[in-house]
2 protein chains.
Amino acid sequence: MDADKVFKALGDPTRRKLLDLLCERNGQTLGQLCENLEMARQSATQHLEILEAANLVSTVKRGREKLHFINPVPLHEAYERWVRKFERQRLSLLHDLKKELEGDDQ
Amino acid sequence: MDADKVFKALGDPTRRKLLDLLCERNGQTLGQLCENLEMARQSATQHLEILEAANLVSTVKRGREKLHFINPVPLHEAYERWVRKFERQRLSLLHDLKKELEGDDQ
DNA sequence: GTAATATGCAGGTAAATGCCTGCATGTCAA
DNA sequence: TTGACATGCAGGCATTTACCTGCATATTAC
């Protein structure tokens, strides 16, 4: 997994929306996905390419259509390897912050 | 929480490294953080401003120093409201994908 | 007070990003 | 075969991004 590609891919609201759309109904074509976005088809294609490069989406050609499927693995790995560390320390980090904001400096 | 700011902030490797550094030792000054980055102080400042705008980092001025603390709340919320949806459906999404990659199209 | 230290502020630039238009290719159906 | 449909490819353009340098301000130590 390339963590940077995954996080970069998630950094754009259109791409998060695409993942949302695929989560609602997996295996949609490019055209179907475009109906829910307010941009040109080619722009959506570029976003989908970025998601594919991050391995968050896999595609299958069926005739003249291209079907898009979520691959949940990289997202899971990014969470496990990166976000979870912060979750583990969440309460103590929150404690640091509160103590400091209260000006408790002695 | 502004989800877009949070995800955008996490989309840069330098900013993730800053969060990592603060996770190891919370409350570091700008100068301390810069020692671990290979860029000018001003560049690091800009990254920290973005983390602060996303509310992922809070700062406290102490004399001429500026201390930086992680705020774990927005990250937790982003996970809860967004990533967890995919976690819940993870196995079924993975199943869709596998079925399709096997060319199981009937 | 003065010098060293820590940070803030104001541009400036090259590269990346996100969007577009126009045209080409490939597939299906009549 | 021909026209409609789904997608691919190439290039252009405005904005944002990530980095920098140079100088200003504020705090501490001597």
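A note on names: the letters A, B, ... follow the listed sequences, proteins ahead of strands, and every chain is numbered from 1. These figures come from a predicted structure and were not determined experimentally.
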In whole angstrom, what separates [X]'s [atom1] from [N]'s [atom2]?
X: B:Leu51; N: D:dA18; atom1: CG; atom2: P; answer: 11 Å
X: B:Leu30; N: D:dT25; atom1: CG; atom2: P; answer: 19 Å
X: A:Leu10; N: C:dT17; atom1: CG; atom2: P; answer: 15 Å
X: B:Glu35; N: C:dA6; atom1: CD; atom2: C1'; answer: 12 Å
X: B:Leu37; N: D:dC20; atom1: CG; atom2: C1'; answer: 15 Å
X: A:Gln46; N: D:dG11; atom1: CD; atom2: P; answer: 14 Å
X: A:Arg62; N: C:dG26; atom1: CZ; atom2: P; answer: 21 Å
X: A:Asp4; N: D:dT17; atom1: CG; atom2: P; answer: 16 Å

If you check every side-chain atom of [X], which of [options] has the closest atom?
X: B:Asp12; options: C:dC20, D:dA18, C:dT7; value: D:dA18
X: A:Gln42; options: C:dC20, C:dT7, D:dC20; value: C:dC20
X: B:Arg64; options: D:dT27, D:dC19, C:dC23; value: D:dT27
X: B:Glu65; options: C:dT7, D:dA18, D:dT7; value: C:dT7
X: A:His47; options: C:dG18, C:dT7, D:dC19; value: C:dG18

Exercise for review: Return the 5'-most residue of the pair A:Lys8, A:Lys61 with respect to DNA chain D, ranking by each residue's nearest nucleotide.
Suggested key: A:Lys61
Exercise for review: Could you tell me whether the phosphate oxygens of C:dA6, OP1 or OP2, come under 4.0 Å of any side-chain nitrogen or oxygen in B:Lys66?
Suggested key: no
**Study point:** Distance below 4.0 Å between B:Ser43 side-chain N/O and D:dA18 OP1 or OP2
**Key:** no
Check your understanding: How are the rings of B:Trp82 and B:Phe7 set to each other: parallel, tilted or perpendicular (split at 30° and 60°)?
Key -> perpendicular
Practice item. For residues A:Lys99 and A:His95, determine if any side-chain heavy atom of one lies less than 4.5 Å from a side-chain heavy atom of the other. Key: yes
Review point. Does a side-chain heavy-atom distance below 4.5 Å link B:Thr29 with B:Leu67?
Key: yes
Check your understanding: Ignoring hydrogens and angles, are the base of D:dG8 and the side chain of A:Arg41 linked by a donor-acceptor pair under 3.5 Å?
Key -> yes
Check your understanding: Nearest nucleotide by nearest heavy atom, which residue falls closer to the 5' end of DNA chain C, B:Gln32 or A:Thr14?
Key -> B:Gln32
**Study point:** 5'-most by nearest nucleotide on DNA chain C - A:Gly63 or A:Glu38
**Key:** A:Glu38
Check your understanding: Any salt bridge between A:Arg62 and B:Glu100, counting N to O under 4.0 Å?
Key -> yes
Study note, to complete from the structure: The side-chain hydrogen bond (donor to acceptor under 3.5 Å, both in side chains) partner of A:Thr59 among A:His68, A:Glu49, A:Glu52 is A:Glu52
